[in-house]
Novice: 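Mind looking over this structure? Questions follow.
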Amino acid sequence: MRAVRQTEGPVLILAGAGTGKTRTITARIAYLIANGADPATILAVTFTNKAAGEMRERVADMVNSAEAALVTVSTFHSLCVRILRQDIEKLGYKRNFTIYDQSDAISLVRQLITRVAAKDEKLEPNAAQNLISRAKNLGVDAPTDENAEQTLAGAVFARYQRELRRLNAVDFDDLLLLAVKVLREHEDVRTKWAARFRYLMVDEFQDTNGLQLELIRRLATGDRPNVCVVGDDDQSIYGWRGAEVRNILEFERHFPEPTVIALEQNYRSTDHILGLANSLIRHNPRRRAKQLWSGRGAGEKIRLVAAPDDREEAIYVVGDLHRLKLETGISWEDFAVLFRTNAQSRLIEEAMRERGIPYRVVGGQSFFDRREVKDVIAYLRLLLNPADDVSLLRIINAPPRGIGETTVARALEFSIKRQTNLHAALSDAEFAAALSAKTRGAIGEFVALLDRFEARMFAPLADRAEVARAFLDESGFIADLRRSCRTPEEADRREESVFDLLQDLGRHSGAAGEKGLRDFIDRLSLESDREEETPESGHGVTLITLHAAKGLEFPHVYVLGLEEGLLPHERSRADGTIDEERRLLYVAITRAKQRLTLTHCSTRFRYGQALPRQASSFLRELDVAHLEFVDFAKELAKPATEQAAKSSFARMREILGN
DNA sequence: CCCGCTGTGATTTTT
DNA sequence: TCACAGCGGG
């Protein structure tokens, strides 16, 4: 297979849906090693920790474990952390910088808005953080024009970047931005890292943004660097968060005269499913031509169902999969219900519960909770970087220790005036002088606590997990955590998740002293603490958004709401991203292995109102040869009048325009 | 500290 | 419609 053996020079592997993308990359790595490449010079970059983990596992299966361990398989962000932990000083940051995740960033933005905004000005922290993030992913690290400082958002942006620097902190976007910056501006640094990696591989290349492309370009050495990217332009669905399909469409511009290999054999779906997918995606302009085929046989036609409203749609889908399950005995895990927006899952959930069918909702945003875990991280971060005000503010009153809001506000003011951080302000004699004896005592105790544990944590031969446990205990955090719970069970659960974390810290076989703890915290900061929720692990039918479904596959798939305004989403018309919506449907269709059902409604309830709906314009693009029109009324096994059946059939024909 | 009132806004989501 | 944030009162 050429995709595996062409190891020299730039290679572009166009890997269509279900063509064995990950398998190809891992086989390449194994092939490289078998042919004498030094494993330590191989770098494979992915987007998610999950993908990196899977790849690492598969490499370990193919080559001996000592060699596998030398290969660098990493996400873009953790690769950047690695670069920055070594070389960020060139940019004027200290090496012990703290990494802020999105919620840390939002809380900093919130603070700044209250500090900067006039009485009548309003700005949502969430929206502002989003704006800043978008800008940074375009490579912009400050508001562009002079006016920008005058708008609230611009002022917050400028202030935010300055604050991060003062706090010796970087956010997720900075990781990319600063890593690229240091490689761009310091040739010695660039040469060092480029020399390390002789073979570069990038997964899901269609999802890269400008910064990520630049990172790869700067790491790639020589006229014909060994850069192999794998991706599928037809599955580019993250444009809205900065991904540039252009990167894959114009690969030759960045890496001239590449070997281009198209993987077109699909190992997943039936011919009808692939045929349908092909007929749809053909309507996209500007794509790398490819035609997927499979040897899996024709299979069933794709069923297109028109439901009267979203409630009936849900009842139908759930009823249909229930029936199928009873008839064939396949397991619940083989089913997935896909939808454009999270809100759509509700009706499905209700219908599932009514029938007692087990299900799991993937995604959503349940990862902002786990308050106690974030608190523990804040405690530990503070030991590594006392200048980290966001962490300090998070824990200064957990537990309440007599340092009230007023005192904190004063300390903040003092720290701003002195151009320093909160920790320094709290330790400052002049600041203390202005306080009551009681407050002074409370602050003194708090600062002493931090200093004492900083010394203990980084003492030679310190047992990090044990020191951390004592820290959380003696600070009163654990007791406060338990106290704040409503039930003893909840208290146990939360305390246990803290101890799990500490146990993990104990097991973490890192270096002694600061580095070991920092590696551990870096890992925690970069991995969202959402539980492992792979479709295999849970029980039940998978309910999932179209976006989150990318990369997964299921024997039986239902795609809901193929209606104008929902898929394509109404926003996409104004944004000019209809192509991306089409790719989204393409991704959805290609998730199915055996049986696929598409549905749409004539009426949908939104914000309490019944809205008339039109079928998605995408339906007209589908090749009818692969479709079967399901008579909704009949399928529901309700006594339907012939008239109703006829009219619904006529409507469907009308919709499809043939 | 907690409860209930009011106002608001409502794609997609990983690191 | 409904969920959630922010606020004021008990």
Side-chain angles (χ1 to χ4, degrees), chain A residues 45-53 74-81 84 99-106 110 113-114 122 124-127 129-130 133-134 136-137 170-179 203-204 207-209 211-212 215 235-243 310-311 338-347 350 362-368 397 400 483-484 486 522-530 533 544-551 561 563 565-575 577-578 580-581 583-585 587-588 604-611:
Chain A
V45 192
T46 64
F47 276 85
T48 65
N49 291 302
K50 189 174 160 225
S74 157
T75 64
F76 274 103
H77 292 266
S78 43
L79 174 65
C80 291
V81 171
L84 293 175
I99 301 166
Y100 282 179
D101 71 12
Q102 197 179 358
S103 60
D104 299 321
I106 289 172
R110 184 179 294 124
I113 289 173
T114 53
K122 270 206 185 108
E124 242 189 288
N126 245 313
Q129 195 274 332
N130 222 327
S133 177
R134 292 286 294 265
K136 284 164 96 165
N137 274 298
V170 304
D171 65 16
F172 281 158
D173 305 313
D174 282 335
L175 291 175
L176 281 169
L177 199 63
L178 296 176
D203 192 18
E204 304 279 18
D207 290 337
T208 52
N209 63 29
L211 284 175
Q212 287 156 336
L215 180 76
Q235 293 186 71
S236 163
I237 57 174
Y238 285 110
W240 52 275
R241 63 178 199 212
D310 46 352
R311 176 123 217 165
L338 276 56
F339 35 78
R340 177 66 229 262
T341 66
N342 286 120
Q344 286 173 265
S345 76
R346 221 176 90 186
L347 287 174
E350 278 171 24
V362 178
Q365 345 171 267
S366 53
F367 52 94
F368 276 114
N397 270 310
R483 204 177 328 121
S484 68
R486 286 165 168 271
D522 281 354
R523 212 188 72 208
L524 283 181
S525 306
L526 292 176
E527 283 173 25
S528 58
D529 48 318
R530 61 178 10 172
E533 46 187 2
I544 193 170
T545 63
L546 301 178
H547 283 90
K550 196 179 82 166
E563 292 148 34
L566 195 54
L567 186 62
H569 197 276
E570 53 203 344
R571 282 276 260 275
S572 66
R573 203 165 332 145
D575 296 353
T577 54
I578 298 273
E580 184 156 309
E581 296 286 307
R583 290 193 291 262
L584 202 46
L585 179 56
V587 167
R604 183 171 291 274
F605 285 84
R606 212 180 20 153
Y607 314 144
Q609 274 175 327
L611 294 174

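First the proteins, then the strands, lettered A, B, ... as listed; each starts at 1.
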Novice: Looking at A:N137 and A:R241, would you say the former's side chain and the latter's main chain have a donor-acceptor pair under 3.5 Å?
Specialist: no
Novice: Taking atom C1' of C:dT1 as reference, at what distance in whole Å does atom CD of A:Q609 sit?
Specialist: 9 Å
Novice: Heavy atoms only, 4.0 Å cut-off, all strands: where does A:D207 land among base, sugar-phosphate and nothing?
Specialist: nothing
Novice: Any side-chain N or O of A:N342 less than 4.0 Å from the OP1 or OP2 oxygen of B:dT11?
Specialist: no
Novice: Starting at atom CG of A:L84, determine the distance to atom P of B:dT15, rounded to an integer number of angstrom.
Specialist: 18 Å
Novice: Look only at the side chain of A:E204 and the backbone of A:F47, and say whether a donor-acceptor pair between them is shorter than 3.5 Å.
Specialist: no
Novice: Specify whether A:H547 and A:W240 have parallel, tilted or perpendicular ring planes, treating 30° as the upper limit for parallel and 60° as the lower limit for perpendicular.
Specialist: perpendicular
Novice: So what does A:Y607 touch, heavy atoms closer than 4.0 Å: a base, only the sugar-phosphate, or nothing?
Specialist: base
Novice: Can you check the A:R523 CZ to B:dT15 C1' distance for me, whole Å?
Specialist: 15 Å
Novice: Rounded to the nearest angstrom, tell me the gap between atom NE2 in A:H569 and atom P in B:dT12.
Specialist: 7 Å
Novice: Given the P atoms of B:dT11 and C:dC4, what is the spacing between them in whole Å?
Specialist: 13 Å
Novice: May A:W240 be described as stacking on the base of B:dT12, applying a 5.5 Å centroid limit and a 30° limit on plane angle?
Specialist: yes
Novice: Are the side chain of A:D101 and the backbone N or O of A:S525 linked by a donor-acceptor pair below 3.5 Å?
Specialist: no
Novice: Touch check for A:Q344, heavy atoms < 4.0 angstrom, all strands: base, sugar-phosphate only, or nothing?
Specialist: nothing
Novice: Is A:N49 near enough to B:dT15 that one of its side-chain N or O atoms lies under 4.0 angstrom from OP1 or OP2?
Specialist: yes
Novice: What I'd like to find out is whether the side chain of A:R606 reaches to under 4.5 Å of the side chain of A:L566, using heavy atoms alone.
Specialist: no
Novice: Please state whether the phosphate of B:dT11, meaning OP1 or OP2, lies under 4.0 angstrom from any side-chain nitrogen or oxygen of A:T545.
Specialist: no
Novice: Whole angstroms only, please: what is the CG-P distance between A:L566 and B:dA10?
Specialist: 16 Å
Novice: I'd like the P distance from C:dA3 over to B:dT12, given in whole Å.
Specialist: 15 Å
Novice: Just compare C:dC2, B:dT11, B:dT12 and give me whichever is closest to any side-chain atom of A:R346.
Specialist: C:dC2
Novice: State whether the aromatic ring of A:H547 stacks on the base of B:dT13, taking stacking to mean ring centres under 5.5 Å apart and ring planes under 30° to each other.
Specialist: no
